[in-house]
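Notes for the one structure printed next.
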Amino acid sequence: MQALINFLARFINATKDAFNVQLSGSNVEIGGVSFAVSGGDTIRGKAADKPAAAAAHAVIPYCFYFSIDTGEIEATDGANWVVI
């Protein structure tokens, strides 16, 4: 059991900055980039700024990403973005 606790502690310390998240009203910050959130499950931003699917999923599980410059809508399955 102690080995598992030590592993989790090392994992958290190694990845804590990768998922730097701050929530504020209808905005969310993922990895230092600020995004608007609508409907509680849709992140909005430019296509070039789209966060990694896993990082977005860590903030809003199974969320959508709406690229405001291309109109493309994608959903995350937790690991990948899928165009819908």
Side-chain angles (χ1 to χ4, degrees):
M1 185 58 130
Q2 187 61 45
L4 177 60
I5 292 170
N6 292 341
F7 169 79
L8 291 174
R10 285 191 308 273
F11 178 78
I12 289 168
N13 286 332
T15 61
K16 66 182 176 185
D17 292 329
F19 298 109
N20 181 15
V21 175
Q22 294 181 3
L23 297 173
S24 173
S26 61
N27 293 312
V28 63
E29 185 177 308
I30 304 171
V33 179
S34 184
F35 300 95
V37 176
S38 61
D41 66 352
T42 303
I43 301 170
R44 298 164 134 350
K46 294 181 181 177
D49 294 334
K50 181 176 60 181
H57 178 77
V59 177
I60 303 173
Y62 304 105
C63 63
F64 299 91
Y65 188 83
F66 176 73
S67 297
I68 59 173
D69 52 342
T70 65
E72 189 169 78
I73 300 172
E74 298 174 78
T76 179
D77 61 5
N80 302 295
W81 288 110
V82 179
V83 177
I84 57 172

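Keep in mind that what you see is a predicted model, and the values were worked out from it rather than measured. All values below come from the heavy atoms of this structure, side chains included, with hydrogens, waters and symmetry mates left out.
When all heavy atoms of Ile60 and Asp41 are compared, the closest pair comes out as CG2-CA, 3.9 Å. Contact between Ala56 and Ile43 at its shortest, heavy atoms only, is CB-CD1, 3.9 Å. Considering every non-hydrogen atom in both Trp81 and Ala52, the closest pair reads NE1-C, 3.7 Å. Scanning both residues, Asp69 and Gly45, for their nearest heavy atoms gives OD1-O, 4.4 Å. Closest approach of Arg44 to Ile68, counting heavy atoms only: CB-CG2, 4.2 Å.
Side-chain heavy-atom separations under 4.5 angstrom define the hydrophobic clusters, and Val83 shares its cluster with no other residue.
Both Ile30 and Val37 are part of a single hydrophobic cluster, where members link through side-chain heavy atoms under 4.5 Å apart.
Residue pairs meeting the salt bridge (charged side-chain N to carboxylate O under 4.0 Å, His left out) criterion with at least one partner in residues 48-58, sequence neighbours excluded, are Lys50-Glu74.
Residues His57 and Tyr62 are in side-chain contact: their nearest non-hydrogen atoms beyond the backbone lie under 4.5 Å apart. By the 4.5 Å heavy-atom criterion applied to side chains, Ser38 and Phe66 are not counted as neighbours.
The OH atom of Tyr65 lies 11.5 Å from the OG1 atom of Thr42; values are rounded to the nearest 0.5 Å.
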